[in-house]
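Below you'll find the structure, written out as structure tokens, and then a few comments.
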Amino acid sequence: MLLNIEKLIYGGDGLARLPPDNRGRGKAVFIPFVLAGEKIEAVITEEKSGFARAKAETIVEPSLQRIQPPCPYFSRCGGCHYQHATYDHQLDIKKEILRENLRRIAKLELQCEIQVHPSPPWNYRNRSRLQVQTQPEFAAGYFKFASHELLPVEECPISSPLINRGIATLWEAGRSGKAVEGVREAEFFANADDTKMLLEFLCAPEARRAAVRAWAEELCATMPEIVGVVAFREPQKGVQEPLVAVGAKELTYQTQTSAYRVSAGAFFQTNRFLTDELIDIVTSGRSGELALDLYAGAGLF
């Protein structure tokens with residue numbers, strides 16, 4: 001089936017339309033990993049009464065903005081949606097999606113130009129969460145695209161260099177049989193200059209405290225940049241139970257204006273290159289004695 005991609009929409013999918021039939025205008029079709037203006041050969045993967053989903057089999061006429069994705073896991077991993085486009089074009093895509101969402105949802109026609117504050121496109125994340133399995137063999141990674149099936153991942157190009165070293169350390173421990181059964185997630189959080197890291201485990205109810213503690217101590221000894229490991233049991237009836245803490249339970253995150261104490265599990269902005277710029281955008285030119293930082297984790301602004 002030949003489809004023309006009209007535009008990209010929130011979530012990363014391209015929008016096309018099936019040919020009209022006796023019931024009227026053709027229904028919308030959503031296709032991942034395509035770009036506006038492309039002509040593709042596609043196959044329908046799901047069809048509902050009001051829309052359909054499809055997969056691109058061949059890019060018949062590629063966009064001039066299409067590139068070879070640098071990440072070896074792209075399109076299989078569910079984490080990223082735009083790596084097949086140049087970074088400048090990724091920014092344009094996001095800008096137009098924001099404009100359309102304001103128009104469609106808020107009924108607001110934005111008259112001004114949207115200012116873009118770009119980041120280096122790689123190694124920008126200070127926090128990454130991996131799924132972990134110990135049986136039948138060890139693996140750590142992200143969920144596959146549009147599924148809850150684990151995709152083993154040994155590097156993440158958008159995560160900081162220190163986090164990637166942490167991922168490598170996790171894999172080394174797993175391959176040597178040291179991973180503890182019942183650990184289901186591992187989350188790395190690196191500080192501002194990427195020299196120290198906090199590791200958080202999410203564990204199944206049956207995970208043994210002593211075994212988790214022993215592994216946490218070994219990870220801290222193997223990689224001195226890990227200043228602490230904090231483990232929680234999976235929430236039961238909405239309550240998350242602390243299980244083990246080895247070393248520090250928090251990390252100091254230094255910005256140009258303040259030092260923030262970020263505890264394990266707390267929210268903090270994830271783009272380590274834009275933290276100070278975000279603060280400046282929000283607070284520049286404002287004055288007064290009281291400001292409310294709502295839903296802000298450590299209170300960045």
Check: E155 main-chain N/O paired with W171 side-chain donor or acceptor under 3.5 Å: no

With heavy-atom distances below 4.5 Å as the criterion, would you say the side chains of I279 and T255 are in contact? yes

Verify the cluster assignment for L198 and V262: are they in a single hydrophobic cluster under the rule of side-chain heavy atoms below 4.5 Å apart? yes

With a 4.5 Å cut-off on side-chain heavy-atom distances among I, L, V, M, F, W and Y, is there a chain of contacts connecting L219 to I167? yes

Counting C-beta onward and ignoring hydrogens, is there a side-chain heavy-atom pair between K94 and Y82 closer than 4.5 Å? yes

Step through the shown structure and confirm whether more than 12 heavy atoms of other residues, nucleotides or ligands are within 6.0 Å of CD on Q240. yes

Where the side chain of S258 meets the backbone of Y260, is there a donor-acceptor pair that is under 3.5 Å apart? no

Run the ring-centre check on F51 versus F30 and record whether the distance is less than 6.0 Å. yes

Are any side-chain N or O atoms of H84 and backbone N or O atoms of V34, one a donor and one an acceptor, separated by less than 3.5 Å? yes

Report yes or no: do D194 and S160 form a side-chain donor-acceptor pair below 3.5 Å? yes

Can a donor-acceptor pair be found between the side chains of S159 and N164 at a distance below 3.5 Å? no

In terms of relative ring orientation, are Y253 and F268 parallel, tilted or perpendicular, with 30° and 60° separating the classes? tilted

Note: A248 and V230 closest approach over all heavy atoms is O-CG2, 4.0 Å

So that I know where these two stand, are Y73 and Y142 an aromatic pair - ring centroids less than 6.0 Å apart? no

Mark yes or no for whether N126, through its side chain, and A192, through its backbone, hold a donor-acceptor pair below 3.5 Å. no

Do L243 and F232 touch side chain to side chain, with heavy atoms closer than 4.5 Å? no

Donor-acceptor check, side chain of R99 to backbone of K95, threshold 3.5 angstrom: yes or no? no

Just jot down the side chain to side chain donor-acceptor pair (under 3.5 Å) partners of N191, sequence neighbours excluded, or say none. D193, T195

Hphob cluster co-occupancy, I93 + I9, side-chain heavy atoms under 4.5 angstrom: no

Are R127 and F189 in a cation-pi contact, defined as NZ or CZ under 6.0 Å from the six-membered ring centre and within 45° of the axis? yes

Below 4.5 Å, heavy atoms only, C-beta onward: do Q131 and E185 meet side chain to side chain? yes

Between F145 and H81, what is the ring plane arrangement, given parallel below 30°, perpendicular above 60°, and tilted in between? perpendicular

A quick test of your reading: do over 12 heavy atoms of other residues, nucleotides or ligands sit less than 6.0 Å from CZ of R261? no

Main-chain N/O of E38 paired with E61 side-chain donor or acceptor, under 3.5 Å: no

Would you say D280 and E277 make side-chain contact, with heavy atoms under 4.5 Å? no

Exam field: side chain E200 to backbone G265, donor-acceptor pair closer than 3.5 Å: yes

Okay, side chain of R53, backbone of K48: is any donor-acceptor separation there less than 3.5 Å? no

Output all residues satisfying side chain to side chain donor-acceptor pair (under 3.5 Å) with Q65, sequence neighbours left out; order by chain, then residue number. T86

Can you check whether W215 reaches K178 side chain to side chain, under 4.5 Å on heavy atoms? yes

Is any side-chain heavy atom of I114 closer than 4.5 Å to one of L98? yes

